[in-house]
Amino acid sequence: MTTVTQHSTVTDFEDNDRKPVGHGRMLRKEDPRFVRGKGRYVDDVQLPGMLHLAILRSPMAHARIVSVDTSLAEAHPKVKLVVTGAMLAEKNLAWMPTLSNDVQAVLATDKVRFQGQEVAFVVAEDRYAARDALELIDIEYEPLDPVVDVRTALSPDAPVIRDDIEGKSDNHCFDWETGDADATDAVFARADVVVSEDIVYPRVHPAPMETCGAVADYDAVDGRLTLWSTTQAPHAHRTLYAIVAGLPEHKIRVISPDIGGGFGNKVPIYPGYVCAIVGSLLLGKPVKWMEDRSENLTSTGFARDYVMRGEIAATSDGRILAIRTHVLADHGAFNGTAAPVKYPAGFFGVFTGSYDIEAAHCKMTAVYTNKAPGGVAYACSFRITEAVYLVERMVNVLAYDLDMDPVALRMKNFIRPEQFPYKTKTGWVYDSGDYEPTMKLATELVGYDQLRAEQAEKRARGELMGIGVAFFTEAVGAGPRKDMDILGLGMADGCELRVHPTGKAVVRLSVQSQGQGHETTFAQIVAEELGIPPEDIDVVHGDTDQTPFGLGTYGSRSTPVSGAAAALVARKVRDKAKIIASGMLEVSVADLEWSKGSFHVTGDPTASVTIQDIAMRAHGAADLPEGIEGGLEAQICYNPENLTYPHGAYICVVDIDPGTAVVKVRRFVAVDDCGTRINPMIIEGQVHGGLTDGVGMALMEMISFDEDGNCLGGSLMDYLIPTALEVPDWETGFTVTPSPHHPIGAKGVGESATVGSPPAVVNAVVDALKPYNVRHADMPLTPSRVWEAMNGQATPPI
Ligand code: PCD
Ligand SMILES: [Cu+]
């Protein structure tokens, strides 16, 4: 893929006098092992005497369990253990808490609530025998009417899915509201123009390359449990295992080795992990569980599934005054949302987008349906994907009705640079931003005016070409801990740094890389602060025995939270190094100056000691300054004062074949602003991946169900994910607006492109269909949906 990197007028870390962080565009340290097939994933873990676990899943979406007969499976010569929900219930383990204060069945006891739900498990000598034995388990189900359509889930005659919750008489999950209803209604009442549209963000799946799995190894002699698992949050998982299973936390070690993509899919605790632990506890042997692709697609956390009504009030010349929305959220059979406790709808509250408006209001109702549980963050920064899609689609609807250019309309309404920090009408404080240069750069890179001219010519010839514009602001880096917690665990992250006598260092993180390159970028951050080359700094993560406590990686929080921790812990070490240097140079601390890797005496650059010299002295035989302990190390826990707010401007160009309604993405320009850029190449990789994701969601992906609640997206034959063939050569650019509160000014970027690209693609398709008077069409814009839109048919309900 080609990348056009254009530099902006804003401070640019790469080219201006300011130096790159670490070595800037440094090659990824982890790649030599990945490209040589030497990565070590959970499925690579092989232990002596290891047994294999397979899970029996419900064939039905909603059914009462009448009887369970496991005798034939138990008689299988290679089977060691068969466990049912009833057996777990005896040990009080049939239900577990979700990350959003709901409970979820580990194995079904009373009834099954979605197709693919865990009903029983078998542990056998090998994976084949375990799978074979599943077929020997005889379960009698009494089918119940399923609740599939989110729109009718609350109707009085709908069957109650969650009758396990005492007193529950409907499928209501939660209500949530933000903004000011009265103020918003008042603005709407006096506005020249009101536009509204029904917008669906369909259910999609993160579909990481590696499915979920675990190896549990319980040692009955010393009471220690080691769990290798595909988790993006090893420490949080460990604490929950300690609470759920009643095991002492210090006896549990969670190791999350290399992960083949997470994308939010590996944030929740899945029944399979708990089953593996139970299997190992009962048998005293290591037990491995690995999902297959269908299990991953049908039973692990999905994302989105929001049915939204968007409304904008504006003046007739395009000044946006207020935004109002109603959302119906489908959470499936159990609320498995991974979001901070006080944010049941994640950070959807940023649906006011990048615009300076007078009022906003959102009312949301979430319901249970007979579908896989979830609402996980899939590259969404906690539901910001849905929020950005809503507002960016609605702004285009307004542009359509007012016949205004979508770039001009956005420019007119942007929050202005002098308004930052900007408090939105839903209470978010955007730390910084400078939107106009970013939008301008995107239009320049794509050649916006020429494209509009080309489009006009093509329209005259009956050809369908569309230009889609989207602009986003994200809120990433959850904390601070007083506002944000997961099941009571505050969102802050630890970091430890140790410099060895020879000046090599090791930094230990509480966050977890799933492919985004932390081993490289965190070494670069420490390198920048301490002057030790990034090659000499090892990054340790993904092992609770070796790293400090922290809440893990999701919502693009590693750089904003742990990245800050890494910079600050390095500064702490540097402060100590300075005192040691003052002893070595026999001057006072006040007379020392730091320049990239060494301290020198003010006015005499030749009187200097390097950080490596200092490290040796710190561990040496010579006396250290009064009160200074030997060694050169520090640790901190960083509690962010606010989130960071990256932004970006995306422009997509599509061509549609009027005969087949096939959409081709011809060009895509993405200009991102994530503040200080640690590793530009990694950022581009993150953006390329996210854009590909976005094209997939906009044009191809959807987990759909038939009226019986059968999942129709259970394999990659049906659930289409994009490949290099479906996407153009990405063109990227950037601006740099540093975060004022982050120690190095960096903002997160991992999810930006997935958040920003779907509205750009959809806006492009809808723009191409202007000759057909299409104002909106729902994702995924498959040829049949585009064809329906061209022929004036509404998109079918999900
Ligand atoms: N300024 C800046 C920022 C950033 N960076 C870089 O980049 C990356 C990213 O980051 P961030 O933004 O911080 O993020 P994180 O936290 O690290 O991560 C996370 C994300 O990440 C992304 N990306 C990726 N990649 C890969 N390869 N794989 C994966 O899986 C993934 N996933 C996805 C998701 S979905 Mo969620 O979970 O839904 O919530 S969230 C998410 C890293 O490496 C870092 O360091 C730089 O350089 N600079
Ligand atoms: Cu996310």
Side-chain angles (χ1 to χ4, degrees), residues 13-14 20-22 24-26 28-31 34 204-210 230-233 258-268 301-304 337-339 346-347 374-385 474 476-478 493 509-525 528 539 541 550-564 566-567 643-644 646 672-690 692-693 734 736-739 742 744-755:
F13 235 75
E14 265 194 296
V21 177
R25 195 173 272 277
M26 171 186 172
R28 302 202 328 162
K29 286 180 157 198
E30 38 276 272
D31 284 343
F34 289 151
V204 295
H205 197 277
M209 226 191 304
E210 177 203 31
T230 49
T231 169
Q232 297 179 223
D258 284 328
I259 290 193
F263 306 102
N265 191 234
K266 291 162 181 170
V267 177
F302 69 91
R304 328 288 189 244
T337 305
F347 299 165
V376 292
Y378 158 32
C380 64
S381 312
F382 296 125
R383 304 281 189 185
I384 291 178
T385 344
E474 277 200 278
V476 299
D493 280 79
L509 311 176
S510 56
V511 291
Q512 165 69 37
S513 182
Q514 309 110 45
Q516 56 275 61
H518 291 177
E519 286 163 43
T520 310
T521 50
F522 280 81
Q524 290 182 277
I525 294 172
E528 179 70 19
V539 176
H541 62 106
L551 268 267
T553 293
Y554 38 83
S556 304
R557 63 188 298 280
S558 303
T559 304
V561 186
S562 276
L643 298 122
T644 65
D672 275 280
D673 189 322
C674 56
T676 303
R677 297 153 59 85
I678 299 154
N679 187 319
M681 190 183 61
I682 285 183
I683 293 172
E684 280 154 19
Q686 291 289 299
V687 171
H688 288 179
T692 307
D693 251 347
F734 65 92
V736 176
T737 313
S739 166
H742 188 282
I744 61 167
K747 303 176 180 180
V749 76
E751 298 167 295
S752 293
T754 316
V755 166

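Atoms considered below: every heavy atom in the structure, side chains included; atoms not considered: hydrogens, waters and symmetry mates. Atoms within each ligand, like the ligands themselves, are counted from 1 in listed order.
For G689, the heavy-atom gap to ligand 1 stays at 4.0 angstrom or more. Assignment of P560 to the shell around ligand 1 is supported, since a heavy atom sits closer than 4.0 Å. In this structure, G261 counts as a contact residue of ligand 1, since one of its heavy atoms falls inside 4.0 Å of the ligand.
Set against the non-hydrogen atoms of A379, the atoms of ligand 1 under 4.0 Å away are 35 (S), 36 (Mo), 38 (O). Close contacts between ligand 1 and G748 involve ligand atoms 12 (O) [criterion: under 4.0 Å to a heavy atom]. Close contacts of ligand 1 with C674, meaning ligand atoms under 4.0 Å from a residue heavy atom, involve 1 (N). Each of the following atoms of ligand 1 lies closer than 4.0 Å to a heavy atom of Q232: 37 (O). Residue G750 approaches ligand 1 through these ligand atoms, each under 4.0 Å from one of its heavy atoms: 11 (P), 12 (O), 22 (C), 23 (N). Within ligand 1, counting atoms from 1 as listed, the ones closer than 4.0 Å to a heavy atom of I683 are 2 (C), 46 (C), 47 (O), 48 (N). Under a 4.0 Å criterion applied to the non-hydrogen atoms of G264, ligand 1 contributes the atoms 35 (S), 36 (Mo), 37 (O), 38 (O).
The backbone of T676, and not its side chain, has at least one atom closer than 4.0 Å to an atom of ligand 1 (non-hydrogen atoms only; backbone = N, CA, C, O). Neither the backbone nor the side chain of K266 comes within 4.0 Å of ligand 1, counting heavy atoms alone. Heavy atoms of Y378 found under 4.0 angstrom from ligand 1 belong exclusively to the backbone. Only the backbone of R557 comes within 4.0 Å of ligand 1, counting heavy atoms alone; no side-chain atom from C-beta on gets that close. By the criterion of a heavy-atom distance under 4.0 Å, the side chain of I682, and not its backbone, is placed next to ligand 1. Here T559 has heavy atoms under 4.0 Å from ligand 1 in both its backbone and its side chain.
Side-chain contact of S510 with D493: a donor-acceptor pair under 3.5 Å is present, judged by distance alone.
Without hydrogens or angle criteria, E519 side chain to R28 main chain gives no donor-acceptor distance under 3.5 Å. T337 places a side-chain N or O within donor-acceptor distance of the main-chain N or O of G374, the cut-off being under 3.5 Å. Between the side chain of N265 and the backbone N or O of A207 there is no donor-acceptor pair closer than 3.5 Å. At least one donor-acceptor pair under 3.5 Å links the side chain of R557 to the backbone N or O of A478. Q232 places no side-chain N or O within donor-acceptor distance of the main-chain N or O of Q512, the cut-off being under 3.5 Å.
Closest heavy-atom approach to atom 29 (C) of ligand 1 within the set F263, Y554, F734: this belongs to F263. Taking all heavy atoms of H518, E751, Q512 into account, the minimum distance to atom 41 (C) of ligand 1 is reached by E751.
Looking at V267 next to ligand 1, no N or O pair under 3.5 Å apart turns up. Between K747 and ligand 1, a contact under 3.5 Å exists for at least one N or O pair. At under 3.5 Å, a nitrogen or oxygen of G262, whether backbone or side chain, sits near a nitrogen or oxygen of ligand 1. Residue S558 places at least one N or O, backbone or side chain, under 3.5 Å from an N or O of ligand 1. Some N or O of G515 is nearer than 3.5 Å to an N or O of ligand 1, by distance alone.
We find the CZ-SG distance between F263 and C380 to be 13.0 Å, quoted to the nearest 0.5 Å. Atom OH in Y378 sits 14.0 Å away from atom CZ in F302 (nearest 0.5 Å).
Taking a cutoff of 4.0 Å between a charged side-chain nitrogen and a carboxylate oxygen, K747 and E474 do not qualify as a salt bridge.
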- Task: Go through the steps to decide whether Q514 and E210 satisfy the test side chain to side chain contact (heavy atoms under 4.5 Å, CB included), and finish with yes or no.
- Result: CA-CA 10 Å; Q514 309 110 45; E210 177 203 31; over 6 Å; no

- Check against side-chain hydrogen bond (donor to acceptor under 3.5 Å, both in side chains), T737 and D673: CA-CA 6 Å; T737 313; D673 189 322; 2.6 Å; yes

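Q516 pairs in a side chain to side chain contact (heavy atoms under 4.5 Å, CB included) with only one of the listed residues (I259, T553, I682), which is T553.
With sequence neighbours excluded, the residues forming a side-chain contact (heavy atoms from CB on, under 4.5 Å) with T559 are I678, A746, listed by chain and number. In terms of the side-chain contact (heavy atoms from CB on, under 4.5 Å) criterion, residue partners of A567 (sequence neighbours excluded) are, by chain and number, I525, E529, P743, I744.
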